[in-house]
Amino acid sequence: MAAVMLCMSMSVLYGQGETDALKFAQSDISGSARYMGMAGAFGALGGDISSLTQNPAGIGVYRSSEMVATFGFENMANEVSASGGDARSSDFRFMFNNIGAIGTLNTGKTSGLLNFNFGFAYNRLKNFNRSYQAKFNNLETSLTNYIADKTNGISVWDLTLTDNYDPYDYLSWLPVLAYESSLISPYPDSDADYFGLFNGPNTIGYYNGSPTSSGSAGLWVTEKGRIDEYTLNLGGNISDRIYFGLGVGILDINYTQRTDYMENITNPEYLGPGEVQPNGSFNLRNYLHTRGTGVNLKLGLMARLTNYWRVGLAFHTPTVYTMRDEYAASVRNTAIWEPADPADEQSTWVPIERSTPDNHIYYTDYRYSSAWKLMASTAFILGKKGLVSFDYEYTAYNRMRLSDADGVALYGDYDSNVDDFIRTDFKGGHTLRLGGEYRPTTQFTLRAGYAAQLSPVTKTVFDMDVEVVTAGTQPMYTLNRDTHYVTAGAGYRFGRLYLDAAYVHRINREDVLPYSPVFIGEAADMPEVAKLTGHTNSLVLTLGYKF
């Protein structure tokens, strides 16, 4: 796969990579307690405030008006396994999942349009809040080698700041920052071929003969944020047989990521100015804050084929976002020291510290179009005692789009832009949801469910047979494997007032890579992959009132 473009305009210096597009397109099972207790299998049922975000035809099932609010608690535990052992972390937080209201207008007819309903709901679609770390021992290659490989072909003069030229205005920021902080240096008698500090057994082209370096590494990641949706739905009921709905969703993304990647290196390799230490380290620190607002349209139908069998169909257009990234990065390199004052021959020598321009936070505006979705559902009503419901959802992750603020595809000066990588590296995603409800009494209800979100990442990406596009100065990324949900819940009716509770156990698995594999000819620099397993336990309560 072609490498990401290095020379680009400031408008696309950062933006997002393909894995970031996937991150913002995926959602959790989140909403009301009834919805979560049945693993979100409501596409053919409706009658729940959270179904408005899934199949808007569900609003047509309502026979009376309703107000709902949901809150709860969540504990997320992560374990990351790599050559340096297992690293565990956990986070506990309060959740406010949704709030909404449904209004019902009855026509008074006995056939045809029986009622026309409208509703507004807020639903939290995804939580990003978590922290984790990975430890790597016995490195075979290094982030510095990855950057060197990506910098090859760029002249030293193009990387050098002068009074009349700032390389940050013209080049990808990671090579510039790495060159300024002495993570890479050019080969002797070359001004456009580079090697990194680490000369290890998996390095493409040893600088000084056989491998001489050894080392270890650590990655620390903290993520915060959420994706919220505000929906306005209209729908109705035709002869208690056909239910229809139209929904407009306004989505809000607020995401912050802070990462530190550190390597400890014995016998670093370097030819540039400065004093090489026999043992040293470097730390690459990245900050990213992403905000975005988008809109989508949802269409839905439900049909009561018999008194016991219902089916549903829904389509979601892509959510079209206007996005902004704010970002900064810095490097502290203790493997190479420099004079504190280059103009003073007696100056004290200190480790090298550099940051992206002027220590400021920069921003990039761009556009992001998420994946469209198609849902098919069926449900069986078991008399007055219970029901079973099944949903299938197809999400076209390979149709996501990224472009600059003017609508031009990112890295569009080359044949392979980010959209090409998305089409190649991702496929359609499949989500299965199964839920059931049993009513021992007219007031008390028990619920259970199971859901599986299958990974849309292709096998070639998991097998590291291709390079993965990242953006800006952030080389690390994660690859989502399958996610599973096991749910249970209960509800009690107090006349017009009701209280529902749900417990959700979520298991997700991801590959964590400090940087992408890179390929030069038949050779490759292959990073070690850490395996992340997350267990999230959620307890939510919904309070509702019908009137």
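Just so you know, these numbers come straight off a predicted model, no measurement behind them.
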Test item: side-chain donor near acceptor, [X] and [Y], under 3.5 Å:
X: Lys298; Y: Asn296; answer: yes
X: Asp86; Y: Ser81; answer: yes
X: Thr364; Y: Asp325; answer: no
X: Glu326; Y: Tyr363; answer: no
X: His484; Y: Tyr450; answer: yes
X: Glu66; Y: Tyr545; answer: no
X: Tyr394; Y: His430; answer: no
X: Asp482; Y: Ser455; answer: no
X: Gln257; Y: Gln474; answer: yes
X: Tyr485; Y: Arg506; answer: yes
X: Tyr503; Y: Asn537; answer: yes

- Query: So is Arg258 actually on top of Tyr287's ring, under 6.0 Å and inside 45° of the axis?
  - Reply: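 Judged by the rule (NZ or CZ under 6.0 Å from the ring centre, within 45° of its axis), Arg258 is not positioned above Tyr287.
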
Item to check | CD1-OH distance between Ile250 and Tyr230, expressed to the nearest 0.5 angstrom | outcome: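 Reported to 0.5 Å precision, the distance equals 9.5 Å.
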
Lys/Arg-Asp/Glu bridge criterion (N-O < 4.0 Å) met for [X], [Y]:
X: Arg124; Y: Glu229; result: no
X: Lys459; Y: Asp425; result: no
X: Glu393; Y: Arg433; result: yes

* To do: Specify the closest pair of heavy atoms between Tyr35 and Ser50, including all atoms of both residues, with the distance to one decimal.
  =>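 Looking at all heavy atoms of both residues, the closest pair is CG-CB, 3.5 Å.
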
Please find the pair of heavy atoms, one from Gly247 and one from Pro56, that lie closest to each other, and give the distance.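 Shortest heavy-atom contact: N-CB, 3.9 Å.
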
Residue pair Asp252, Arg226: steps toward the salt bridge (Lys or Arg N to Asp or Glu O under 4.0 Å) verdict: CA-CA 8 Å; Asp252 176 54; Arg226 72 289 181 280; 3.0 Å; yes

